[in-house]
Amino acid sequence: MKRVVSIQDISGLGRCSLTVALPVISAMGVECAIVPTAVLSTHTMFQNFTCVDLTDQILPIAAHWKSQQIHFDAIYTGYLASKEQVGDVLTFFDEMRSDDTLLFVDPAMADHGKLYPAFGPDFPGEMAKVVARADVTVPNITEACLLTGSEYREKYDEAYIKELLEKLVALGAKKAILTGVSFDENKLGVMGYDGSRYFSYFNDKAPMSYHGTGDIFSATAVGGLMRGMTMEEALQLAVDYTLQCIRVTRSDPNATWYGVEFEKAIPLLCERLKDR
Ligand code: PXL
């Protein structure tokens, strides 16, 4: 069985970061080890959330695992608790990465044109150092703009997206995938670039956006890659599963007011992986 380690926060209530990565990656038949970057009561869009930063645990955890000769097939990073943490995450890469370890970086820090509330304006510059090391990075358009110092636009064309992708690859990422891309009001998906070729995949656009769906997308893409899918297959599955999570949530009149009910859509993941 492949083994991933996911480095991101655990928000105790609500479906995001590790409370999504763990169940989704496990359901895909891949082991998911974790390094929690912080423990929060909820994600940071809630008022008065609690937060304990675990920066001081990252390197001791790496040292212990190294002493046990633990091998990871992928290191998947998401929400980091502070800019001070970035240096330790980079050291974690140096310590724990083998030649065959995939570095998957979701620079989760912003959406809809704005940084998340816990971060100051200097955070994107620090996150860019993590992105620079990535084999695969999956920012949304807001994050890509902040990482590359580009102007954020709500309305755009393919040339704008391609330019963002080229700038992300110029930062050092081997493959860049922009999420939440839409060239047609009824379609939403991803566009990627590996330094020589562009690729894209779109499915239906749901009428509402939900918090935490970026984390569902990333966890699914990591799981798919670990199960031997090509990048394009893994991205297709990630787009389709994320959409299905939104659909099952919307179809339930008693849906909770927060997060998507990804649990109900897990059968889709199993179905799409059954012949692998
Ligand atoms: O889903 C991204 C995310 C993860 N973790 C925390 C967050 C957010 C987005 O707001 O606040 C703590």
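First listed ligand is number 1; within each ligand, the first listed atom is number 1. Source: prediction; values computed, not measured.
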Side-chain hydrophobic cluster, 4.5 Å single linkage: members besides Val248 =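 Val248 shares its hydrophobic cluster with no other residue.
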Looking only at protein heavy atoms, which one is nearest to [atom], and how far off is it?
atom	result
atom 2 (C) of ligand 1	Asp215 OD2, 3.5 Å
atom 11 (O) of ligand 1	Thr44 OG1, 2.6 Å
atom 3 (C) of ligand 1	Tyr79 CD1, 3.7 Å
atom 5 (N) of ligand 1	Asp9 OD1, 2.7 Å

Counting both backbone and side chain atoms, is some N or O of [X] under 3.5 Å from an N or O of ligand 1?
X	answer
His211	yes
Tyr116	no
Ser11	no

Taking atom NZ of Lys187 as the centre, does the number of heavy atoms from other residues, nucleotides or ligands within less than 6.0 Å exceed 12?
->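 Yes, because the 6.0 Å sphere around NZ of Lys187 holds more than 12 heavy atoms from other groups.
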Glu126/Lys83 ion pair, N-O < 4.0 Å |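 Salt bridge: no.
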Between Asp135 and Arg97, does at least one N-O distance fall below 4.0 Å, as a salt bridge requires?
->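 Looking at Asp135 and Arg97, the cut-off is met.
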Between CG of Leu40 and OH of Tyr79, what distance do you get to the nearest 0.5 Å?
->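 Going from the CG atom of Leu40 to the OH atom of Tyr79 covers 6.0 Å.
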Kindly write out the residues that satisfy side chain to side chain contact (heavy atoms under 4.5 Å, CB included) with Ser67, not counting sequence neighbours, or none if the list is empty.
->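 Testing Ser67 for side chain to side chain contact (heavy atoms under 4.5 Å, CB included), a comparison that skips the adjacent residues, returns His64.
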Which of the atoms in ligand 1, numbered in the order shown and given with their element, are less than 4.0 Å from a heavy-atom of His43?
->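 The list of qualifying atoms is 6 (C), 7 (C), 11 (O), 12 (C).
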For Ser17, the ligand 1 atoms whose distance to one of its heavy atoms is below 4.0 Å =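 Those qualifying, in numeric order: 4 (C), 5 (N).
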Region of Leu40 that comes within reach of ligand 1 [heavy atoms, distance under 4.0 Å] |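 Side chain only.
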Between His43 and His211, what is the ring plane arrangement, given parallel below 30°, perpendicular above 60°, and tilted in between?
->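 Because their plane-to-plane angle is under 30°, the rings of His43 and His211 count as parallel.
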